[in-house]
Amino acid sequence: MVRGKTEMKRIENATSRQVTFSKRRNGLLKKAFELSVLCDAEVALIIFSPSSKLYEFSSSGIAKTIERYQRRVKEIGVSHKRDDNSQQARGETYGLTKKIEQLEISKRKLLGEGIDACSIEELQQLENQLERGLTRIRAKKYQLLREEIEKLKEEERNLIKENKELKEKLHGTGAIVVASSSSTLSSSEVNMDDNDNMEVETGLFIGPPETRQSKKTPPQN
């Protein structure tokens with residue numbers, strides 16, 4: 001007699017559900033035992049009945065198997081995380097590679113290379129990009145020129161100021177030299193005048209004093 005296919009849904013009859021649980025539980029425990037023996041596998045089986053009754057089987061001890069399971073899950077999690085990071089890094093690398101290729105193509109087009117297959121719209125976009133770039137370049141150039149001119153003007157002002165200070169110092173030194181020369185000249189002239197007077201007043205006379213007096217004072221009539 002061929003047994004009919006069992007429909008996979010909850011058995012509503014409580015008695016039938018309990019009978020089915022007992023049969024299939026025993027069969028599952030038997031299969032777990034056979035698997036551990038025949039295949040030298042570490043097998044652990046935990047079953048809770050609808051009334052929360054525990055049934056278990058383990059070829060190496062439930063606690064040991066659970067500990068091994070937790071350790072393995074952690075290793076797999078780290079490995080999966082590493083794989084995810086590697087996959088993300090590969091995705092980022094691929095994206096960057098594509099961006100670099102696009103930039104290289106755009107660069108060649110801006111240099112006038114590889115534009116034979118470009119449409120009118122693409123050529124117009126390239127022209128607009130070049131015009132915007134030239135505008136920015138000119139603005140930067142004029143800014144640098146203005147800064148250089150201001151720098152040169154500042155240097156010119158500093159040089160004019162230094163030149164003025166040097167001239168003032170030079171004029172002050174010249175006045176002192178002229179005053180000193182004038183003072184020296186006046187002293188020399190005074191000494192020469194004194195010497196001349198002394199030469200006039202002094203003289204050599206031979207004879208008695210009255211003769212000298214007569215020479216000085218003419219006789220009165």
Side-chain angles (χ1 to χ4, degrees), residues 1-137 139-140 143:
M1 180 178 179
V2 180
R3 185 165 36 173
K5 185 177 180 181
T6 303
E7 186 178 1
M8 286 292 108
K9 69 175 186 177
R10 183 176 181 272
I11 300 173
E12 298 296 334
N13 186 276
T15 303
S16 298
R17 187 167 60 243
Q18 183 62 36
V19 171
T20 302
F21 173 76
S22 298
K23 289 181 178 179
R24 299 206 174 220
R25 177 201 65 202
N26 293 334
L28 187 58
L29 291 171
K30 181 180 178 182
K31 291 293 184 183
F33 170 75
E34 291 174 353
L35 180 63
S36 64
V37 173
L38 295 175
C39 301
D40 193 20
E42 184 176 350
V43 180
L45 178 62
I46 299 175
I47 303 173
F48 284 98
S49 69
S51 59
S52 299
K53 187 176 180 180
L54 174 63
Y55 300 91
E56 65 180 32
F57 167 80
S58 177
S59 60
S60 302
I62 289 292
K64 181 180 178 182
T65 304
I66 290 176
E67 182 181 356
R68 181 180 179 183
Y69 166 78
Q70 292 175 342
R71 186 169 59 250
R72 182 58 180 165
V73 167
K74 186 181 294 185
E75 292 174 356
I76 292 174
V78 173
S79 178
H80 285 173
K81 186 176 180 180
R82 189 182 299 112
D83 292 340
D84 292 341
N85 292 337
S86 299
Q87 186 175 1
Q88 182 180 0
R90 285 194 296 269
E92 292 177 355
T93 303
Y94 177 77
L96 290 174
T97 303
K98 295 298 291 183
K99 287 182 180 179
I100 291 173
E101 291 177 357
Q102 292 296 328
L103 290 173
E104 288 292 336
I105 293 173
S106 299
K107 178 183 175 182
R108 287 196 296 270
K109 287 181 178 180
L110 289 173
L111 294 174
E113 300 175 0
I115 59 175
D116 295 337
C118 291
S119 63
I120 296 178
E121 294 180 355
E122 291 176 345
L123 292 174
Q124 185 64 44
Q125 291 178 357
L126 288 173
E127 185 178 359
N128 294 336
Q129 289 178 2
L130 289 172
E131 289 179 353
R132 289 194 295 268
L134 285 173
T135 301
R136 289 193 292 268
I137 290 170
K140 184 62 178 179
Q143 178 186 353

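- Note that the NZ atom of Lys30 and the CG atom of Leu45 stand 15.0 Å from one another [nearest 0.5 Å].
- Atom NZ of Lys99 and atom OH of Tyr94 lie 13.0 Å apart (nearest 0.5 Å).
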Practice task
Output, in order, the C-alpha distance, side-chain angles, deciding distance and verdict of side-chain contact (heavy atoms from CB on, under 4.5 Å) for Gln129 and Leu126.
Solution key: CA-CA 5 Å; Gln129 289 178 2; Leu126 288 173; 4.1 Å; yes
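- With respect to the salt-bridge test (charged N to carboxylate O, under 4.0 angstrom), the residues Glu67 and Lys64 do not qualify.
- Listed by chain and residue number, nothing satisfies the side-chain hydrogen bond (donor to acceptor under 3.5 Å, both in side chains) test with Asp40 (two or more places apart in sequence, or in another chain).
- What you find for Arg17 and Glu12 is that their closest heavy atoms are NH1-O, 3.3 Å.
- Around atom CG of Leu103, more than 12 heavy atoms belonging to other residues, nucleotides or ligands sit under 6.0 Å away.
- In this structure the side chain of Gln124 reaches within 4.5 angstrom of the side chain of Glu127, judged on heavy atoms.
- Pairing each heavy atom of Ala41 with each of Ser59, the nearest pair is O-OG, 3.5 Å.
- Between Asn128 and Glu131, the closest side-chain pair of non-hydrogen atoms falls below 4.5 Å.
- In this structure, Arg24 places its CZ atom where only 12 or fewer heavy-atom neighbours from other residues, nucleotides or ligands lie under 6.0 Å away.
- Lys53 NZ to Ser49 OG: the interatomic distance, rounded to the nearest 0.5 Å, is 7.0 Å.
- We find the CD1-CD distance between Ile100 and Gln102 to be 11.5 Å, quoted to the nearest 0.5 Å.
- From Arg136, atom CZ reaches atom CG of Leu134 across 9.5 Å, with rounding to the nearest 0.5 Å.
- Residue Phe57 comes nearest to Ile62 through the heavy atom pair O-CD1, 3.7 Å, listed as atom of the first residue, atom of the second, then distance.
- Within a 6.0 Å sphere centred on CD of Glu121, other residues, nucleotides and ligands contribute 12 heavy atoms or fewer.
- With rounding to the nearest 0.5 angstrom, the CD atom of Glu42 is 6.5 Å from the OG atom of Ser58.
- Classification of Glu104 and Lys107 as a salt-bridged pair fails, no side-chain N sitting under 4.0 Å from a carboxylate O.
- Counting non-hydrogen atoms of other residues, nucleotides and ligands closer than 6.0 Å to OH of Tyr55 gives a total above 12.
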Problem - Worked check of side-chain contact (heavy atoms from CB on, under 4.5 Å) between Gln18 and Thr15 - result: CA-CA 5 Å; Gln18 183 62 36; Thr15 303; 5.9 Å; no
